[in-house]
Colleague: 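Sharing a structure below in structure tokens format, with a few things to ask.
So you know, we letter chains A, B, ... as the sequences are listed, proteins then strands, and number each from 1. Small disclaimer: the values here were computed from a predicted structure and weren't measured.
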Amino acid sequence: MQMRKVYNWQLGRNASYVYPQNRPKKQWAMVFDLNKCIACQTCSLACKTTWTSGRGQEYMYWNNVETKPYGGYPTAWDMGILSKLGMQDWDGNKYAGRTLFEAAEKDEKILQHIAAEEDWAHPNIGEDEITGMVGKGDYITMPHKIWMFYLPRTCAHCTYPACLSACPRKAIYKRPEDGIVLVDQSRCRGYRECVRACPYKKPMFNAETRISEKCIGCYPKIEQGLMTQCITNCIGRIRLGGFVNTPDKAVKENPIDYLVHIRKLALPLYPQFGTEPNLFYIPPIHVPTTYLKQMFGPQAENAVKTYLEIRNDMTLKGLLVLFGSMERIISSFRVDGKTAAGFDEKGNEIVKVPVTEPTFIREFYDAKLQAYRHNTP
Amino acid sequence: MIKKLTLYIVLTMMVFGVGQAFAEEVKGTAEKPFVEITSYHKDTDVSKVGINDNLWSGVASYRQPLEKQYLVVPKPVEVGVKELVVQSINDGKYIAFRLVWKDATENSSIKVTGFSDAAAIEFPVKTDPLPQYIMGQTDMPVHILYWRAWRSKDTKDGFQTIDTAYPNLTSDMYTFDYKVKGKGTEKTQEEKDMFIPGKAAVNPRSVPHKQIIEELNAEGPGTLKTKNVENTTGESHWSDGTWTLVIRRPLKVDDAVSAQLVVGKKTPIAFAVWEGERKESAGRKAVSPSWAEVLVQ
Ligand code: SF4
Ligand code: SF4
Ligand code: SF4
């Protein structure tokens, strides 16, 4: 079929898409620091209790957290589509391979992996599994020889959504005001072309209502200037939400732009799929580079280097402390001296936190209570 | 002929630059019908004719070939059902169609990754000019009578739910839908449905219906719209690898965008079948190769 050419900054080139380029006025985005996720699943439950507690949504996790490399929800969603796409190359920071739209089979819009019934039945399969046996005498190296990490996932509210492009009746739309991608619950007829097409497998079928649903980006909260449920409830404070610009319009005071474009610390998940996802990850520093490059593209190695230098980098250090420090969306931030502050669109200060928490050392023996103190923070 | 038609459509789309292959752009074509079906007059109440009534054995059957939908991407590589056997009778007021086709698997129970068996009959609302037969065209609507095995089972055994689909599934609690009774736990169905998005939105797919046939209008692929009338009744049965479906409706109805059938006249008609086991749905379907015709005797 005839495809359009759209500019995909994550690939550094024009790429194929079903519709012409049509960027929203603002684009909602999230950054997750994978070095800090503990797989507590508080995010999954925050989303679930808020949005998917109804009949037909029992096994639906708009937010899920899986253990990489083996875990996945639905099972092997990533291996499924990656093996179909096959090995592809990057030419420096420019993608030289084919995207899923470019690799579409004849008479299809996009290359697809279809998850089986049982793939949806094990939301946390492979939890805590490591890549192999730890050998006798093994010691920790960087990156680790044997490793795992947690990958929390939601819909990425892609700039070129596969789900939207696949829907035969335009029941999926991308909001011009914030770029959030929604399935119209009145219009959907349960064809599940979106379920087939989304490489991240984030549209899900509700068998009770016989139509598809997906992460709604907590739009009622975004409309009030608040961050999503999965962000504000994150125990590990690994998440930051905001709005991302294209790299040519990056604003260095904008926390998302700063992490994504200026410092290139936060990277898209599988950019080679070609949907330009707006969910960015700070890669885990202990994981072998080849794996990180496949998952986050050619910039992964530098991102790890940048992360390892954060201790000497007041601005980044300050910004990372702002993660999870406020419920309201900050549109700019500033780090000076010992504090990091976040501001709303009008420049009003919303939050101010110390970059380094003060340390108190207390005596082992508490004379007043006549008790020994435990070594807990 | 069919090759020529396909080529014509493809060329039209190229000229118009229709990236999404929406057939609104495609001009109608007076394709000669492949199958001419006669709806025989019978002195019986056709509105009540049963699926296996004796009278069907004396009614001529027509073989309607089906092929892969070829107009809109995604197009199926292959389809499960390649032929329908069609019979029709009328009593001057009601018309009934009996469709029989081979399908080795019955797909009538809801499942997360399951698809329903389905079939549809389509009429143009107006015949001059005749709309494109795959889903009609802008301002040239078609009237579709759509049957789904899921909906048949809903009507027969009660609306299927997660509990009927997955009897061993447990869930601690649904919001507003408690397992215990007592103060503060009594909620209306409407309040409970608030947490079931399709039901809250009253999506036609998500709520129970009296009839197993859904009536729709379309003005091109992707424009399907459920009508708020249920003038059509039906009955379906699967056994030994065969679906049998009876669809009955009045020849004339009081609705501007419904098909009106006239005794003594021919009306264009088209067919589609979906094989659920093959995950056929939407444009992944088997269709008749063009408009056929039905002569209401
Ligand atoms: S709440 Fe935060 S730390 Fe916990 S699993 Fe989710 S993303 Fe990870
Ligand atoms: S992640 Fe999937 S569901 Fe979400 S916008 Fe992208 S293609 Fe659509
Ligand atoms: S943004 Fe909202 S709807 Fe989406 S996964 Fe997070 S909590 Fe759920």
Colleague: Quick check: are there more than 12 heavy atoms from other residues, nucleotides or ligands sitting under 6.0 Å from CD of A:Glu117?
Modeller: yes
Colleague: By a 4.5 Å heavy-atom criterion (distance strictly below it), what part of B:Tyr166 contacts chain A: side chain, backbone, both, or neither?
Modeller: side chain
Colleague: Salt bridge or not for B:Glu214 and A:Arg189, using N-O below 4.0 Å?
Modeller: yes
Colleague: Between A:Glu208 (side chain only) and B:Thr161 (backbone N and O only), is there a donor and an acceptor less than 3.5 Å apart?
Modeller: no
Colleague: Please look at A:Glu193 and chain B and tell me whether the side chain, the backbone, both or neither of the residue comes under 4.5 angstrom of a heavy atom of that chain.
Modeller: side chain
Colleague: Please look at A:Ala166 and chain B and tell me whether the side chain, the backbone, both or neither of the residue comes under 4.5 angstrom of a heavy atom of that chain.
Modeller: neither
Colleague: If I measure from the heavy atoms of chain A, does B:Ala282 come under 4.5 Å with its side chain, its backbone, both, or neither?
Modeller: both
Colleague: Above 12 or not: heavy atoms from other molecules or residues under 6.0 Å from CD of B:Glu186?
Modeller: yes
Colleague: Between B:Asp154 and chain A, with a heavy-atom cut-off of 4.5 Å, which part of the residue counts as in contact: side chain, backbone, both or neither?
Modeller: side chain
Colleague: Which region of A:Gln112, side chain (C-beta onward) or backbone (N, CA, C, O), has a non-hydrogen atom less than 4.5 Å from a non-hydrogen atom of chain B, or is it both or neither?
Modeller: side chain
Colleague: I want to check a possible cation-pi pair here: A:Arg55 against B:Phe195, using under 6.0 Å from ring centre and within 45° of the ring axis as the test.
Modeller: no
Colleague: Calculate, to the nearest 0.5 Å, the distance between atoms CZ and OH belonging to B:Arg205 and A:Tyr191 respectively.
Modeller: 6.0 Å
Colleague: Using non-hydrogen atoms only, which part of B:Thr226 is less than 4.5 Å away from chain A: side chain, backbone, both, or neither?
Modeller: side chain
Colleague: Output the option from B:Thr175, B:Val112, B:Ile196 having the highest count of non-hydrogen pairs under 4.5 Å with chain A.
Modeller: B:Val112
Colleague: Of the listed residues (B:Ala200, B:Pro76, B:Pro197, B:Gly283), which shares the most heavy-atom pairs with chain A below a 4.5 Å separation?
Modeller: B:Pro197
Colleague: Grab the two heavy atoms, one from A:Ala115 and one from B:Thr113, that are nearest each other, plus how far apart they are.
Modeller: O-CG2, 3.8 Å
Colleague: Counting heavy-atom pairs closer than 4.5 Å to chain B, which one of A:Arg192, A:Met204, A:Lys106 comes out on top?
Modeller: A:Arg192
Colleague: Counting only heavy atoms closer than 4.5 Å, note whether B:Leu224 contacts chain A via side chain, backbone, both or neither.
Modeller: both
Colleague: Under 4.5 Å from any heavy atom of chain B, what part of A:Arg196 do you find: side chain, backbone, both or neither?
Modeller: side chain
Colleague: In terms of heavy-atom pairs under 4.5 Å, which option from B:Ile110, B:Thr170, B:Thr164 contacts chain A the most?
Modeller: B:Ile110
Colleague: If you count heavy-atom pairs under 4.5 Å between each of B:Pro204, B:Ser116, B:Ala165, B:Gly114 and chain A, which one has the most?
Modeller: B:Gly114
Colleague: Does any backbone or side-chain atom of A:Ala104 lie under 4.5 Å from a heavy atom of chain B? Answer side chain, backbone, both or neither.
Modeller: neither
Colleague: If I measure from the heavy atoms of chain B, does A:Glu213 come under 4.5 Å with its side chain, its backbone, both, or neither?
Modeller: side chain
Colleague: How close do B:Gly222 and A:Arg187 get, heavy atom to heavy atom, and via which atoms?
Modeller: O-NH2, 2.8 Å
Colleague: Supply the atom-to-atom distance A:Arg169 CZ to B:Met135 CE, rounded to the nearest 0.5 angstrom.
Modeller: 8.5 Å
Colleague: Pick one of side chain, backbone, both or neither for A:Glu108, based on which atoms fall under 4.5 Å of a heavy atom in chain B.
Modeller: both
Colleague: Hydrogens and angles aside, do B:Tyr174 and A:Glu58 bring a side-chain donor and acceptor to less than 3.5 Å of each other?
Modeller: yes
Colleague: Non-hydrogen atoms of chain A under 4.5 Å away: do they reach the side chain of B:Ser171, the backbone, both or neither?
Modeller: side chain
Colleague: For B:Tyr146, is the OH atom crowded, meaning more than 12 foreign heavy atoms sit under 6.0 Å from it?
Modeller: yes
Colleague: Using a cut-off of 6.0 Å, state whether more than 12 heavy atoms not belonging to B:Lys187 lie near its atom NZ.
Modeller: yes
Colleague: Determine, for B:Phe159 and A:Arg210, whether the Lys NZ or Arg CZ falls below 6.0 Å from the six-membered ring centre while staying within 45 degrees of the axis.
Modeller: yes
Colleague: State plainly whether the residues B:Arg284 and A:Asp107 are in salt-bridge range, i.e. N to O under 4.0 Å.
Modeller: no
Colleague: Check for a donor-acceptor pair, side chain of B:Asn203 on one end and backbone N or O of A:Cys188 on the other, with a separation under 3.5 Å.
Modeller: yes
Colleague: Taking the side chain from B:Ser206 and the backbone from A:Thr209, do they hold a donor-acceptor pair closer than 3.5 Å?
Modeller: yes
Colleague: With the side chain counted from C-beta on, respond yes when B:Val72 and A:Pro168 share a heavy-atom pair under 4.5 Å apart, and no when they do not.
Modeller: no
Colleague: Against chain B, work out which of A:Ala171, A:Ala207, A:Gly56 has the most heavy-atom pairs shorter than 4.5 Å and name it.
Modeller: A:Ala207
